[in-house]
Every structure is written in structure tokens, then in C-alpha cells.
Amino acid sequence: MSFDHLSTAQRKTAQRIVFLNVASALSLIFFALMQKVNDPVTYSFVLGDEWAFIKEWKLGSKTGSTNFSLAAIVLSLSALWMYVKRQSAKVLISIASAALFMSFLNWASAGDFVPFTGLLQGGLVLSVPLIFGALAGVVCERSGVINIAIEGQLLAGAFGAGVAASLTKNIWVGLAVAPIAGALISLILATFAIKYAIDQVILGFVINVLVIGLTTFATQRALTTNPTVWNSAPIFSPIPIPILSKIPLIGPIFFNHTIIIYTLYLLVAVIQVALFKSKWGLRMRSVGEMPVAAESVGIDVNKVRFRNVLIAGAIAGYGGAFFTIGSVGSFSREMTAGMGFIALAALIFGRWTPLGAVAAALVFGFADNLRSVLSISGTPIPSEFMMMVPYIATIIAVSGFVGKVRAPAADGIAYKRGGGSH
Amino acid sequence: MSLELRGITKTFGSLVANDSIDLAVNDGEILAILGENGAGKSTLMNVVYGLLQPDSGSILVNGKEIVIHSPLDALEAGIGMVHQHFMLIPVFTVAENIVLGNEQINKIGILNLDKARSEIRRISDEFNFDVDPDSLIEDLPVGIQQRVEIIRALIYDAKVLILDEPTAVLTPQETDELLRNLKKLRESGRSIVFISHKLREVKEIADKITIIRRGKVVGSASPSASQEELANLMVGRDVDLKVDKKSQQLGESIVEIKNFSQLNHYGRPIVDDVSFEVRGGEILAIAGVQGNGQSELAESMVGLQENTKGSITVDGHDVLKNGVLENLRSGIAYIPEDREKDGLISSFSISENLILDIHQNKPFSSKGLYFPDAVAANANIRVPEFDIRTQSINDTASSLSGGNKQKVVIARELSRPVKLVIACQPTRGLDVGSIEFVHRRLVEERDQGRAVIVFSTELDEVFALADRIAIMFKGRIIAIVPATESRENIGLYMAGLTPGGNSHA
């Protein structure tokens, strides 16, 4: 199939629809027709005390997958039809993708119990640090500074929040210390990257190693030797939002969380709007795209960058609090476990936009949760393969399958005043 | 408003970029600053605009001394600047670019672009600029982008407008339009500083001319001075603007290009169905505004581009099938457009750069060993032969001036037995002395019976060298005309029009 006459965006949509059609057809063969047994799959939709309209749903593993695959095929063909008719096929594409996924889930859970709402809610929870990290990446890199140190910022936030809350026995102190810890890590990044123009990728890695080293040292010397003083932070309990939290499916997924997650909702909205509609966002993008142009209208490029790198660190640090006072309470060494790097991948996958990064982070978080749910219920797929999903998705993203990804033009390039002349 | 500079001095290390420069422009006057590349014009204007701080000297506005620490100070003092490289962010809209640095916001910090939009429309209408405030900069042609820069200066209410080499990126038609607009601005009482090295334009527009050479003001002239006089002042010695060419001895056909296209990453043609032939003993100049496929065509002819269709043969060799090294060995000399990036390895010495193409040959290397003595011996022959001015053959290429860098590239490329010389923008950014040298060498190659293809955006260069002129527009060769064609017609072709009035756009 030739796409010569199409624009990049159109070609991307066309490729996606063709891919979806092929995948739907394959799903019918592999998940439905090749399945020998027809064990029952039980879906549960109730998680807490929400209004229960649907309690359970039982499907045969073969009949269910067959139906979902057929639905995916019909929907993706209709998407193709809409595309040919030059109408928006976005909604159809999403529903077809969901049907395709259900066909897979139904096949993978043959004979098992699937806590459907819990699967989605757990996915959201797992993606929380990723979203915070990716937002930190958006603010930092849109300003023109590469942020490999997201991992270190998250870890510092987790550590700072845990220790501060333990020492003071006050959870709010912990929550206040987390962004400060993250910003301090950013201060190192900003000072060396902006003031001394050190290579930002190397710098970011060194900062990560530094934070891992420092927190591990402190963990071994204090946190594990005297955990009651140093490492017994209180944790936030979920605040169900009246009425909203009672809505089936949506309520438990979105509206029964801690304050950290509610702050996240607000932060995503604010950053998305501010980046494209505010003075702060305009200046941020200008120093990240073409600092010399910003300078020529009197903007102090390095000051803007410095400030935004600190803000980014504070965002990631705040997100780090989720690891300790937002969930388990105690800090353990390297507890961020590479989440900062997956956040970086989400940033690229989401093309340096807040909403894009959130969507990518949700996909990664959901894939991670799916892995743990399936590995508990026992599935034909080795869990190691499921673990690879975020990374494979990243490689596909970066290799340009999702279209040409364009980083901010001046991302990673230190700026020196008057450097454009002479 | 009048602007006066007194004794401006600016040094970078041991280099004196501006040496005690004095100049003045009065109300409603156009002052041209004429000087070669590297004479210190841009440095001077960056000082005035607050991007650089002078070591000494003062700036006076309406007779009163002011201090300019940043572009903001300059804008507040009524000084606006149209930069040589536009200070516009490609992914922003016109309005976003214009409000940047002086944003109107509401109570919660959200931008209000409405006032900017109406201001842009008002100025655009007043001067017939045809600028839509909501289009993205990267979608606009350079001529329009330049108008956006002018609008920005006017919105800041600039009384003195500085234009740094404003015509370097424009087609001849766009240049005429710009000059007309500048005259309109002068009528509205604004002062203009017009920086250029192009004699024709300076003569056309200036009320007075100040000439700068090696960082110093070397004199002033009136616009009625002849081009030769101005050139002599600019270069500091007598220059001959004409290149002597012997009468033409046409040889056999050397280059044959048939239905050649080069496609980009997305499958769109950048070079679009091009066919022509070049014979020995002639110079074909390929004229056109930058970015119309010239670079891709030139690179394809050496084998540097992928995604090609059609055929290119040089002396019977299929250059699209062969590798670059084979192509060079089969007799192509290639002078790339960007000598810093593609022509030289800046951190290598001059002697090493002179053998990049033949380093694997005897006597420079043999059986995996490399012989620096032979490399040095070669350099000791080439350096005087091509008049490369350097302290030592062991200095890095990056230490050379632009003209001498180009001489190193030419020395290397013309020291092989060649049948075809491809020269891309061979004199871009060079001083007049080096331009003369490069032109003379290219004409010598032609006189010795070689085929020469010169890609150039400069009409002066095209007319100085060409036996035939091909004009490239949007990837196509839209005309091949003899060198006797009028300047005006070539200009029309470059804008995608035919003298008859048909559009190729």
C-alpha cells in the first residue's frame, strides 16, 4: 500500500487502521479459533462500596474471545471505511483496540477470575509516579534541558518524604519535604547543565548514581538500624469523593485515592493549559526551541531555564512521595526501580506534551498491572514477557512507528549569551 | 530619531572585531553599512542591540547617551532589529512570536493574543505585508518571515530599524519588494541602518554609505559612487569585478542526467524529474533560491543521496550505482555547500585535510601504515600552489579563515585528475579576494576542457561564471537559458514565474 499522496498525520492514521485490521484478524485465529477448551472466565466489577449495577460476568474463554475478535474485526473494518470516506475514525479505533484487548484478556484468563475494576485501578496507581516523572520531563525538556535525572528526583522525593514524615511523625511535613528534595537534585542538574554547560545526558546519569548511592548509604546506616525513628512514616489514606466515588467502574478507579493522586489530576490540567496558553509556557517553549530568539526580545534564557528545571525537580520529588507516604510508608533502597526511565520513555512516547505523556504513562502502568494480575491468576504467557511490554513499546515509539517524534529544538544544548554572534 | 555611535570598540581575545567605530544616522535617513563578511558589521549591530557589551565607546540617541545592556533596553530606546538569521521560533505562530517577551496576560496568567493580532493586521494592512497573525512561522516563505520581523520592530514602535544582511535569503523579486518597503518606512519618518555587502542594493537604497573594513570605518561614500569605487573601498585595493574567460571550446558531453528525481523520507520529490546535459569546456550555473532542491541534486551527483529515480552518468559512469569513492575516482571534483561541515574535518590539520580523498593511496599509506612525511610533502606543494595563507601546514583546519578553508577544499578536489567539477555555493561568506581566486580557478577548469557545474544563489556569481544558466524551482529545472538572458528574467524564473507570465508554483 502506498501512502505517497498523504500527509504525515494521515499516513500515520492509515497505518494504524491497517495494523488494527491485521491484528484483529490474527486475534481471531490465535485467541479464539486455536483455543481448544472453553473454560469459564469470571469478570468482577465491584471493588468497594460503589453502587453495584453489574456484579459479575461469566464468559467462556473460547466463545468470549471469538465474540471480541469478531467485534474488533467489524469495528476496525468500519474504521477503515470511515477513513476512506474521510471522516474521523478516532472513536472506532479506540473501541476496536479495546475489543482486541478484551479478546486477549479473555484468552489469557481462561478458567480464572478477573478483577476488572481492580485491574484498571491498579494500572492507574502504578502509573502515578510515571506521570509525575513524565510531567517533570515535560517542564524540564520543553525548557531545553534534558532530564535523565527523573529517577534520582523521584528517589530523593521518596526518601525525603519518608524520612521527614518518620522523624516528625507528621505526614504533611513529609509531603512538604518531598518537592524540596526533588528540587535540590534539580539544583545540581541546573547548576552544572546551565551554568557550566556540562553534557546533560552524562550529568543526569551521574546524578542518578549519586542519589542512589546517598539514599542507599543512609538506608543502611540509619533507616534499617533504627527503623522506628527513621523509617516508620505514616501513610495517607484514600479520601473517597462523595457521590463520584460511588459511580460503578469510574468511581473506584478515579475517585477513591489519596491527596497525592488528586494533586496529580490538578497538575496535569494546569501544565497542559499553561504550557500552550500561558506566558510561563510560551517563554518555556521559546527557550527550549530557539533560545537566541528569546534572548533577542529580552528574555533571560538561563534564568527561565534554571527556574523551570527546579520546578521540574519539585514535581518529580512530589511524585516520589507516592512511593513512601503515598503507599507503603517505609523507604527501601532503590525503591523507584527504574520508574524514572520509563517516565522518560513516556515523555518521548507522548511527544513532549503533558497529555501525551499521561496517556503513555497510563499504558505503561496498565501493562505493568496486567502482568501482576495475570501472573497471580496463572496465564499461558511468561510474566517476563509481560514485563518487557513497556520497553518494547518504548523502542517502537522511539523508532518512529508512531510518527516522527520531534523533540524541542534546543533540548540538551547549553546557551551562552551572545553566543549566536561572532 | 537619530542614532550615533562614538568610538565603539569590541574585542574577542586577541581579535579586534570593532576598532573605535563612529557612525551616525539621522531622522528619516537610510544609512548603509558596507563591508565584507567578517569586517565586523554584525558585531557592531549586536553591540547596538544589546546582545554584546562594548569594551569602550558610547551610544547616543537624539544626542543623549544611553546604556544598552540587553535587547530590551534597545527596544525601549526605539531601536529595532531585523536579524540576518531570523529571530523567529518556527513552531510558534506569528502572533506568539510577536508577543514573546512583552506578553499581555489575564488575571490567572493566560495569554491574551487579541491585541497583538489586531496590531499585526493593522501594520500588515498599512504596508501591504499580507501577514496572517495565526499562521505558523515554519509554513511561511522567508520573505514573509522577514516582514514578521519588521512588524515586530514596528509594534515595539522602533524609530531606528537595523537590518542585518536582509537580502541574503531573498529572491530578487522579494529583494525589490523589501527595498520598496524600506523606502515607505523612511517616508514614515523612521531611520534605517542597512547592513550589506551587496553593492547594487546599497547604491539603490542608501542616502549615505559608511564602509567598514577589518573592524574600522575606512570611509564614507555617496550612493552615486560607482560599484568599482565602493568595491575598492570595501576591499582596500583595486578589484576587478569581471572574470576573464577565454572563448568557448565545447567538448564532448560529460554529464548526462535523465528524468532524475530524489525523494525525501516521506516519498515526496525534492528533485523532480530533472534532465540536462553538460559538455566539457562549459560552465553550467544552476541558479535558484536556496532550498529548491539544489543541495539534493548536487549531493546525488556524487552519490551522497538515497531514494533516487532516473539516471545520472558522468563520463559514462553510473554515479547512482557507484559509491562516493568510486565516483570521485572516476573524475568528479566536489566542492560542498557547507565547507565547515562537509568539506573539511575541522580538528584535522591542513596537511591531513588535503589528502582525505587519497589517504589510502601510495605514497600516503601502504599495507596499513601511514606516512606523515609524504602527507607533509604533498601539503608543502599544495599550500603555495593554491595560495593557502597559514602559519603552518600542521595547524588545524578550524584555525583558517573562510577563504583559506575553501582554498584547502579546492586544492584537494582539483589535485585529482577530474572531468567534472561540482561547486556548491563556492563563494558563500568569502571576502572579495577569495571570491576572485575561486572564480578564476573554476574558469581555468572550464578553459582546460572540463565540465563545471556551479550551484549558486547569487545572481552576480551566476552571471560572472556561466555559459548557460539553469534555474531550479521547487525541485524542477524550469528553464535553461544562455548567459545573455536578462537579470530580470532570471529573477522571475527564480520566483517560479516565466517571463511570459505563467506560474510554475
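Order of the sequence lines fixes the chain letters, A, B, ..., with proteins taken first and strands second; residue numbering starts at 1 for each chain. Note that the structure is predicted; figures quoted are calculated from it, not measured.
Between chain B and the options A:Ser286, A:Ala274, A:Gly281, the largest number of non-hydrogen pairs under 4.5 Å is found for A:Ser286.
Listed in order of number, the residues of residues 133-144 of chain A that approach chain B to under 4.5 Å between heavy atoms amount to none. Identified by a heavy-atom distance below 4.5 Å to chain A, the contributing residues of residues 84-110 of chain B are B:Phe86, B:Met87, B:Leu88, B:Ile89, B:Pro90, B:Val91, B:Phe92, B:Glu96, B:Val99, B:Leu100, B:Gly101, B:Asn102, B:Glu103, B:Ile105, B:Gly109, B:Ile110, in residue-number order.
Contacts between A:Ile299 and chain B at a heavy-atom distance below 4.5 Å involve the side chain alone, from C-beta outward.
Under a cut-off of 6.0 angstrom, the local environment of CZ in A:Phe192 is sparse, with at most 12 non-hydrogen atoms contributed by other residues, nucleotides or ligands.
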B:Leu111/A:Lys279 under side-chain contact (heavy atoms from CB on, under 4.5 Å): CA gap, chis, key distance, verdict
CA-CA 6 Å; B:Leu111 284 175; A:Lys279 175 176 164 179; 4.2 Å; yes
Might you work through the side-chain contact (heavy atoms from CB on, under 4.5 Å) test for A:Val292 and B:His83, ending with a clear yes or no?
CA-CA 11 Å; A:Val292 62; B:His83 299 82; over 6 Å; no
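To the nearest 0.5 angstrom, A:Glu295 atom CD is 10.5 Å from B:Leu72 atom CG.
At least one donor-acceptor pair closer than 3.5 Å links the side chain of B:Tyr49 to the backbone N or O of A:Ser296.
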